[in-house]
Structure formats: C-alpha cells, structure tokens
Amino acid sequence: MDLTNHYFDLFRLPVAFAVDRRLLDERYLALQRQFHPDRYVSRSAQEQHLAVRSAAAVNQAYAVLCSPVKRAQYLLELQGLDSDDSNKTTSDREFLLEQMRLRESLLEVPDAADPFADLADLEREIALASDALEEEFASTYQAADLTGAKQTLVKMQFYGKLQAQLAALEEQLDEHN
C-alpha cells in the first residue's frame, strides 16, 4: 500500500465532501482484513512493521472520512489551505448570537422540569443546523469557493463542539438518574 496516497485514493472514492458511507465502510473492512497485523505474524519484521503502519493509516483515513468536520478540514488541506481550528472564529454576528443562545439553553437543561426532553429538543435543533452547514460546505466546496467553504467549516466546528457538550451533558444526566 502506498502510504503517500491521500485518503480518498486509499478508499478509491472521488474527492468530494459527499461520501458514499456504505462503500467507505465496505472498503475499510476490506483494507482492515488485508493489513491486519495478525495476517503478518509469520512474515519478516519489516513486513510486520509495514502491516502495522498500513493498518494505522487505514484507521486514520477512515476516521477522517467518517467525520464531516474532519473531512471538510482534510478537503481544504488538500487544496493547500490551513484548516486548523485553533483561534478561528467568525464575524457573522447572527451566527455568534445563535451560538450564545444555544450555549445558554444547554446550561439550562439540568434545571429543567424534564431535562431529557429539553436535551432531545436541543439535540434535534443542533443536528438540523449541522446538517444545513454540511450542505453549505458541500455546495461552496464544489463551486470552488474555498473562502466560503473555510468560513462554513468554522461554523461546523462550533456545532461540533456543541454536540460534544450535549453528549457530555447527557452522560452526566444519565449518571444522576
């Protein structure tokens, strides 16, 4: 396996934001079987090392292509853009106000009369907004509007963080019930 191939080549997929998840999963399993270290136990140390490196590369590529945010970052990196999310923000005032509202709603969930219902409502709202941003990214990227795609990615990252906070809050609520 050529470890210098980009992730889409590795899985023989077109370079695009939209990914055929069934095909990705199918090819992932085939590559995992092909490079599983147990298959190389009786081979040379070099072949064993290459199998381990190949399996790790397959796992990393799969993790990136499965995650919409990581996939968007990767696509921008393939275009030579730095997509590191540290210290990135947006100047979209309405978006920032919406983020503040969502974060306040998240903080109010534990004190709600029915915190699980409020949490579910918030999860749905955030999922819908995330889906819309993914569509926006796909559209701007396909139109070669890399500046627009990068701005959309920043927003996607905000929602990704919110989703992680939702999951953590749900876990906390489960522990206390």
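- Counting only heavy atoms from C-beta outward, the side chains of E171 and E175 approach each other to under 4.5 Å.
- Under the 4.5 Å side-chain contact rule for hydrophobic residues, L107 and L166 do not share a cluster.
- Note on R101 versus E104: no salt bridge recorded, every NZ/NE/NH1/NH2 to OD/OE distance being 4.0 Å or above.
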Assess whether side-chain contact (heavy atoms from CB on, under 4.5 Å) is satisfied between Q157 and Q73, documenting all intermediate values.
-> CA-CA 10 Å; Q157 290 167 331; Q73 289 172 321; 2.8 Å; yes

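- Distance CG/L65 to CD/Q60: 10.5 Å, rounded to 0.5 Å.
- Counting only residues at least two apart or in different chains, salt bridge (charged side-chain N to carboxylate O under 4.0 Å, His left out) contacts with residues 132-141 are absent.
- Under the side-chain contact (heavy atoms from CB on, under 4.5 Å) criterion, E108 pairs with no residue, sequence neighbours left out.
- L162 contributes atom CG, which lies 11.5 Å from atom CG of L169 (distance to the nearest 0.5 angstrom).
- In this structure, L102 and Q99 have side chains that are in contact, with non-hydrogen atoms separated by less than 4.5 Å.
- Side-chain atoms of V109 and L173, non-hydrogen and from C-beta on, do get closer than 4.5 Å to each other.
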For E125 and E98, what are the C-alpha separation, side-chain angles and deciding distance, and is it a side-chain contact (heavy atoms from CB on, under 4.5 Å)?
-> CA-CA 11 Å; E125 181 179 356; E98 179 64 9; 3.4 Å; yes

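- Rounding to the nearest 0.5 angstrom, the gap separating the OG atom in S130 from the CE atom in M156 is 8.0 Å.
- In this structure, CG on L24 lies 8.5 Å from CZ on R71, to the nearest 0.5 angstrom.
- The two atoms that bring E170 and L119 nearest to each other are CB-CD2, 3.5 Å, heavy atoms only.
- The two residues A16 and V19 make their nearest non-hydrogen contact at O-CG2, 4.1 Å.
- Legend: salt bridge (charged side-chain N to carboxylate O under 4.0 Å, His left out) pairs involving residues 10-22, not counting sequence neighbours, sorted by first then second residue: R21-D25, R22-E26.
- With F17 as the fixed residue, the ring pair (Phe, Tyr, Trp, His ring centres under 6.0 Å) test singles out one of F8, Y141, F137: F137.
- Distance check, rounded to the nearest 0.5 Å: CZ of R27 to CZ of F11 gives 10.0 Å.
- Taking a 6.0 Å sphere around CZ of R93, one finds it holds 12 or fewer heavy atoms contributed by other residues, nucleotides or ligands.
- Here the NE2 atom belonging to H36 is positioned 11.5 Å from the CG atom belonging to L29, to the nearest 0.5 angstrom.
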Verify side chain to side chain donor-acceptor pair (under 3.5 Å) between Y62 and Q32, making sure each step is shown before the conclusion.
-> CA-CA 10 Å; Y62 181 74; Q32 277 297 86; over 6 Å; no

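- In this structure, L50 and V52 have side chains that are not in contact, with every pair of non-hydrogen atoms separated by 4.5 Å or more.
- Checked by atom type and distance alone, the side chain of E47 pairs as donor or acceptor with a backbone atom of S44 at under 3.5 Å.
- Judged by distance alone, with hydrogens and angles left aside, the side-chain atoms of Y74 form no donor-acceptor pair with the main-chain N or O of V69 at under 3.5 Å.
- In terms of heavy atoms, A149 sits closest to L76 at CB-CD2, 4.1 Å.
- Looking at every heavy atom in both residues, A112 comes nearest to D118 through CB-OD2, 3.0 Å.
- Between Q163 and E123, every side-chain heavy-atom pair lies at or beyond the 4.5 Å cut-off.
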Show your working on side-chain contact (heavy atoms from CB on, under 4.5 Å) between V15 and Y7 and close with a plain yes or no.
-> CA-CA 9 Å; V15 178; Y7 297 160; over 6 Å; no

Where do L96 and F158 land on the side-chain contact (heavy atoms from CB on, under 4.5 Å) test, with the steps shown first?
-> CA-CA 9 Å; L96 292 172; F158 271 99; 4.2 Å; yes

